[in-house]
Amino acid sequence: MRIPLPKIREVIEAVGSLFSRPFTNGYPFKPLVPPDGFRGKPEYYQDECVGCLACYEVCPGRAISYEDNKETKKRTLTYRADLCIFCQQCEKACITEKGIQLTKQFELASYERKGVTSTSIKELVLCENCGEVVGCIDHLRFLARKVGPLLYTNPTLLLARHDELKLLEKERGANSPHPRAGHLKLLCPNCRREMIVKEQW
Amino acid sequence: MAKRVFLNLDLCCGCKSCAAACAYGHHLQSLLGHSQLKAAELPLHCLHCDQPACAAACPNEAMKKMADETVQRSQYRCVGCRSCSVACPFGVIQPDLAKHITPKCDLCLDRLAEGEIPRCVATCTSGALSFAEVDEQIADRNKNLISVRMLANFVGRRR
Amino acid sequence: MVADNLKVKSENSKIRNSLCLFCSLGCGVSLRDEGKALAYAQDNPVNKGALCPRGHYNLELVNHPGRLAEPQIGKRKVSWEEALTFIKQELQPFRKDEVGCLVSCLLSNEAALAVARTAQALGVKNVLTAGAAADLEAYEGNKWTVPGAELASLDHLEKSEALLIIGDILSRSPVLSRRINQVKYGKRGNQIVVIDPNQTRTTWFATDHLACRPGTEPVVLAALAGALPAEEAAAICGIAAAKLEQTAAAFRTAASGTVIYVPQSKRPRNDLGVYYVKKLAAASPNKKYLVYYLFGNTLGVNTVIDREIPDHPTYHELLGKIERGEIKSLLLFGEDISAGHEELQKKFRMLKFVVYAGYFESESPAIYDNSIILPLASQFEGGGSYVLADGSLAACEPIVPAAGSVPLEKICGLLADCKPGRNDARECVGQGPVTKAKAEAEAEGEVRAVRAAEQGPVKPITYFGNNQLVGNFFWFQVNKNG
């Protein structure tokens with residue numbers, strides 16, 4: 001079938017589109033809003049994160065790393081975008097469910113490979129016996145709230161809770177008149193086991 | 001009442017053969033914690049508490065009190081957050097992870113299914129470990145049993 | 001649900017009994033599913049189901065990926081025919097007395113006999129057993145006859161009222177702890193005396209710990225046996241004379257007793273120790289003695305070799321011959337003693353030809369220019385009979401099909417054709433078996449020698465055996481204290 005005057009139809013289309021609204025958005029000049037469920041860059045929320053390292057354990061791309069500094073008692077969790085595959089495992093595994101969340105941010109180009117990061121810095125608790133890392137103070141407080149009355153079975157959680165409630169005495173342990181005050185200590189699991197076997201010996 | 005592993009500290013000679021047997025049964029990783037006391041290294045097992053703090057602390061129900069009154073750990077639910085390790089009142093869940101596994105005594109499920117006793121008890125050289133009913137052991141006050149005292153002190157009898 | 005699956009699996013499995021040879025206690029070991037899982041022999045009278053960390057190593061011996069399956073020349077795998085032709089060809093230029101032979105103490109009596117007979121057929125006289133140095137030294141002492149000294153059975157040990165333990169028995173044979181506990185908690189007044197310079201697991205269970213100076217255990221034993229005045233001994237060993245006399249009297253007056261001796265490489269003169277242990281056991285009624293060796297069949301292999309080849313050289317004589325170049329070829333059966341032993345390796349490098357029959361490819365034969373490695377069947381594939389510490393004979397049957405490895409009896413049969421060629425063999429000059437009178441005279445003289453050695457420099461300890469393999473046994477660091 002032969003179309004009459006084909007070029008004129010195209011010219012009319014072109015001239016008409018000069019006066020209609022644009023179909024694409026002017027992305028670099030106007031912000032783009034991704035749809036719901038879009039998996040963008042994960043972001044740490046400092047107040048919600050407890051530093052339990054679940055995100056570090058489940059990350060398949062090793063995009064999350066951590067570093068413990070025993071001198072300053074700080075644990076630094078670092079997310080690197082260049083290794084991330086945006087699988088949302090970290091958000092799924094997060095024990096507070098809000099500590100690390102995927103945002104809709106997708107502009108991750110930078111001049112450096114390690115340029116795009118997100119960090120969470122948490123306060124560490126060291127074992128009062130051996131100096132090893134027990135966990136983050138927020139993690140202990142979170143667990144103390146979560147296990148409810150069972151926290152009275154475990155002095156580590158109990159002390160974390162009392163510390164939060166400002167019930168803790170400044171002087172405890174050696175100077176305490178109580179004979180078994182040494183048991184009320186923030187201990188790592190290995191030291192706690194040793195203390196219990198010693199106590200029963 | 002379910003059966004548990006008990007340790008008689010007077011008999012234990014600290015040879016760690018329970019740890020060796022455990023390692024052979026659990027992918028070459030011992031689930032027993034040993035504590036150094038003077039010359040001996042004494043094992044402490046998971047007590048399988050009536051109200052387990054590890055199960056309460058677990059975010060994903062990986063630690064669970066089962067119908068047979070043991071506390072078992074589901075490997076595929078675990079995310080490795082170390083909450084159980086921190087929350088355990090006895091420190092028997094080891095904090096160091098191997099292959100994303102938080103090691104935890106399962107009373108040798110495979111051997112129990114065959115009607116046999118757990119590996120650590122079977123291989124104990126000094127007869128210090130025994131696998132017995134909790135009630136029996138509590139009745140036997142003459143023996144200095146670590147687990148009985150702990151059960152009485154910390155967890156309480158379930159009645 | 002998991003348990004159900006496992007149950008189905010277990011119905012197909014068979015359990016077969018065998019023996020653990022990692023010390024001379026001889027615990028029963030059960031292997032399930034053709035060696036794929038380790039079970040504990042609950043009906044075995046020796047261990048009653050218990051097994052120490054070293055005993056679990058048995059499983060790795062069965063299905064270790066590094067087990068040899070074919071003969072090797074260096075790293076090259078060859079057929080048996082080619083290997084035998086190679087051995088025949090290489091042994092041709094040596095005289096009969098230029099060939100030495102070392103038999104491991106982990107092998108069975110039958111294997112040791114086969115080696116001895118083959119050596120006789122080949123005309124080789126430099127045959128020696130290879131075990132821990134301390135064990136061999138203790139075995140020398142065991143040969144000195146003391147009238148009235150008897151080996152104790154495990155039942156006697158259980159029922160005895162006094163135990164005298166020299167060394168750290170619970171690190172070497174933890175399975176014995178059940179019986180030691182039985183003595184400790186069995187009857188009021190039972191005594192366990194431990195003579196050890198260190199704080200060990202065994203001293204943990206002792207009612208009395210005699211902490212002597214390191215290396216002076218033979219002197220303490222001599223004092224207890226009455227061969228040395230208590231004052232003299234006290235000056236050497238650092239234990240008060242009154243304490244020694246009191247201990248000796250308590251042991252003498254006990255209704256029944258056992259002396260347990262553990263040879264240790266850090267202790268000089270283990271032979272004297274065993275001699276005085278035997279004297280101590282013979283001195284009072286109803287007292288017996290036990291010597292616990294590190295290698296399972298030390299008693300059996302040594303006895304067989306002593307009986308069959310009475311004029312064999314000692315360990316140091318053999319090494320001297322290798323160093324001087326008098327022995328140019330060596331047949332190593334069971335284990336390569338030079339693995340992890342640099343001085344020995346230096347000496348072994350002077351050898352022109354080495355035949356090594358073993359379970360694993362040793363580290364050191366690779367460095368010999370001309371060596372051949374033959375795959376050897378362990379007790380699980382070959383079976384055999386073993387003499388344990390209490391003198392009892394334990395037999396174990398083959399339970400796992402051998403994957404290419406061959407029992408030593410067969411290897412010896414094949415080697416019988418491979419005679420060293422040159423026939424102008426000189427007679428080896430042996431010293432003959434030690435007589436009773438000579439032994440006693442030597443022993444009395446040796447106390448003074450020990451005392452003299454106290455002032456002089458301490459001799460370096462030679463550990464004769466596969467150090468690395470033994471180190472691997474203690475993968476849970478059981479032997480931390482010595």
Side-chain angles (χ1 to χ4, degrees), chain A residues 50-60 89-97 99 125 127 129-130 132-137 139-158 160 180 183 186-201, chain B residues 7-10 12 32-38 40-47 49-60 62 77-97 99-103 144-150 153-156:
Chain A
V50 292
C52 68
L53 298 185
C55 46
Y56 161 77
E57 290 292 339
V58 298
C59 182
Q89 282 292 325
C90 44
E91 191 185 316
K92 282 266 167 71
C94 184
I95 63 170
T96 60
E97 297 174 358
V125 177
C127 175
N129 193 12
C130 66
E132 281 298 311
V133 175
V134 182
C136 291
I137 185 70
H139 189 196
L140 299 188
R141 286 171 183 166
F142 172 79
L143 285 178
R145 281 197 298 276
K146 183 167 182 186
V147 300
L150 279 175
L151 83 102
Y152 291 98
T153 60
N154 192 340
T156 305
L157 294 186
L158 187 65
R180 287 171 73 201
H183 292 221
L186 288 161
L187 292 178
C188 69
N190 285 331
C191 291
R192 177 152 308 289
R193 187 173 65 235
E194 196 167 311
M195 188 272 289
I196 279 176
V197 176
K198 252 180 207 163
E199 160 74 6
Q200 301 293 328
W201 177 250
Chain B
L7 168 68
N8 190 337
L9 282 175
D10 285 345
C12 181
L32 299 177
H34 276 76
S35 305
Q36 185 92 34
L37 279 173
K38 293 178 190 170
E41 292 187 43
L42 303 167
L44 184 57
H45 291 68
C46 173
L47 302 181
C49 310
D50 282 342
Q51 296 174 19
C54 54
C58 186
N60 287 353
R77 284 170 175 268
C78 181
V79 295
C81 65
R82 295 167 174 85
S83 295
C84 47
S85 172
V86 174
C88 178
F90 308 105
V92 294
I93 304 176
Q94 291 165 26
D96 39 328
L97 305 174
K99 298 172 199 157
H100 307 282
I101 293 170
T102 317
N144 183 14
L145 289 163
I146 179 171
S147 299
V148 171
R149 277 214 235 152
M150 280 199 286
N153 288 350
F154 290 94
V155 184

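Since we're looking at a predicted model, the values are computed, not measured. Protein chains get the first letters and strands the later ones, always in sequence-line order, with residue 1 at the start of each. Side chains are part of it too, since the values below use all heavy atoms of this structure and drop only hydrogens, waters and symmetry mates.
At a 4.5 Å heavy-atom cutoff, the contact between A:L140 and chain B is made by side-chain atoms alone. The contact between A:L53 and chain B is made by backbone and side chain atoms together, counting heavy-atom distances below 4.5 Å.
Across all their heavy atoms, A:N154 and B:V86 have their closest contact at ND2-O, 2.9 Å. Residues B:A53 and A:L150 share a closest heavy-atom pair of CA-CD1, 3.8 Å. A pairwise comparison of heavy atoms in A:R192 and B:P89 identifies CD-O, 3.2 Å as the closest pair.
Atom SG of B:C84 sits about 9.5 Å away from atom CG of A:L143, to the nearest 0.5 Å.
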(message) Walk me through whether A:H139 and B:S83 qualify under side chain to side chain contact (heavy atoms under 4.5 Å, CB included).
(response) CA-CA 8 Å; A:H139 189 196; B:S83 295; 3.0 Å; yes
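Side chain of A:R193 to backbone of B:G91: a donor-acceptor contact under 3.5 angstrom is found.
Of all the listed residues (B:A57, B:P52, B:A55, B:C88), the one sharing the greatest number of non-hydrogen pairs under 4.5 Å with chain A is B:A57.
The closest side-chain heavy-atom distance from B:C81 to A:E57 is not below 4.5 Å.
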